[in-house]
K.L.:
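Following this message is one structure expressed as structure tokens.
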Amino acid sequence: MKVTFYGTRGSMPVAHPDYVQFGGNTSCILIAFRTGRIAILDAGTGIWKLGNDLLKNSHEQYDNINIILSHTHWDHIQGFPFFKLGYDPRRNFTISICGKERTAKDLESIFASQMQNDFFPVALDKMGASFTFLQPDITTYIHPSGIKIIASKHSHSGDAYGYRIEEGGKTLVYCTDVEHKDGIDPKVVELSRNADLLIHDAQYTSDELKIKKGWGHSSWEQAIEVAEQAGVKKLALFHHDPEHNDTFLSNMEMECQKRFPDAFFAREDTEMNV
Ligand SMILES: [Zn+2]
Ligand SMILES: [Zn+2]
């Protein structure tokens with residue numbers, strides 16, 4: 001699989017010269033599978049450029065593109081109204097949150113709400129593409145092409161889900177907006193077991209976390225703890241706090257690498273093979 005980071009920021013987008021190295025757009029990742037098919041993780045503001053790049057490259061997946069969401073907090077869905085492929089009547093999308101123990105929420109109405117005319121000029125049902133909203137009560141799904149997805153719920157305000165995606169013997173784990181309450185959550189470690197790449201929430205430093213308990217996020221030290229316990233090969237620290245500029249994140253990255261050399265802070269507009 002090839003992974004491209006289109007949005008690495010958490011909470012809100014930032015546009016400022018001090019934020020160009022790691023990027024200012026909120027959560028959005030493109031996965032390109034070996035089959036040439038794609039899937040998208042979260043629809044933060046990064047999905048604007050992701051859509052533009054797919055158009056520029058004349059990407060021709062018309063039958064179905066999966067947009068898989070960790071959860072529906074604003075920073076994970078707010079780019080969707082600006083996703084140009086959503087305005088193409090030839091396109092079909094499945095927008096889903098997978099996993100069990102869901103607190104009942106209707107995904108389609110959440111997407112429709114952020115586009116009601118108090119907030120946005122175009123309604124969801126007037127965009128043009130065809131959308132299927134799914135909230136399957138499953139933890140494991142195997143696509144006929146051999147791609148396996150495992151979903152696992154973790155602690156976050158309003159809940160969120162992490163995903164383990166396996167293809168051709170390689171494993172990517174996406175686990176953002178996670179708060180480890182009493183020690184490291186063993187379910188997150190299990191989901192991340194032996195992953196080739198773990199993308200994990202690292203919004204705070206340990207000191208910041210002390211005063212932001214209950215805000216739903218992790219420190220970079222906790223992300224490393226998960227990576228160490230799970231035997232992860234590479235760790236991408238993700239969901240950067242809007243208060244953390246390039247200098248701050250670069251310094252934090254150097255600290256991280258002293259403890260886990262294969263850790264890095266995810267940079268917008270970079271791609272890597274898993
Ligand atoms: Zn978030
Ligand atoms: Zn959140």
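All values derive from a computational prediction rather than experimental measurement. Read the numbers this way: they start at 1 and go in the same order the structure lists the ligands and their atoms.
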K.L.:
Which N, O or S atoms belonging to the protein are less than 2.8 Å from the Zn ion (ligand 1)?
P.N.:
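Sorted hits: D75 OD2, H76 NE2, D177 OD2, H239 NE2.
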K.L.:
Keeping S218 on the side-chain end and V178 on the backbone end, is there a donor-acceptor pair under 3.5 Å?
P.N.:
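The answer is yes, because a donor-acceptor pair under 3.5 Å joins these two groups.
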K.L.:
Return each pair, listed once, that meets ring-ring contact (aromatic ring centres under 6.0 Å, His included) where at least one residue sits in residues 249-270; pairs must be two or more places apart or across chains.
P.N.:
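Non-adjacent pairs meeting ring-ring contact (aromatic ring centres under 6.0 Å, His included): H240-F265.
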K.L.:
Looking at CD of E255 and NZ of K258, how far apart are the two atoms once the value is rounded to the nearest 0.5 Å?
P.N.:
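One gets 3.5 Å once the value is rounded to the nearest 0.5 Å.
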K.L.:
Which pair of heavy atoms, one from L85 and one from G51, lies closest together, and at what distance?
P.N.:
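Result for this residue pair: CD1-O, 3.4 Å.
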K.L.:
Show me the side-chain donor-acceptor pairs of residues 110-127 shorter than 3.5 Å, one per line, residues at least two apart or across chains.
P.N.:
{"residue": "S113", "atom": "OG", "partner": "S109", "partner atom": "O", "Å": "2.6"}
{"residue": "Q114", "atom": "NE2", "partner": "I77", "partner atom": "O", "Å": "2.8"}

K.L.:
Would you mind writing out the side-chain donor-acceptor pairs for residues 136-144 within the sub-3.5 Å range, not counting sequence neighbours?
P.N.:
{"residue": "H143", "atom": "ND1", "partner": "S145", "partner atom": "N", "Å": "3.0"}
{"residue": "H143", "atom": "ND1", "partner": "S145", "partner atom": "OG", "Å": "2.7"}

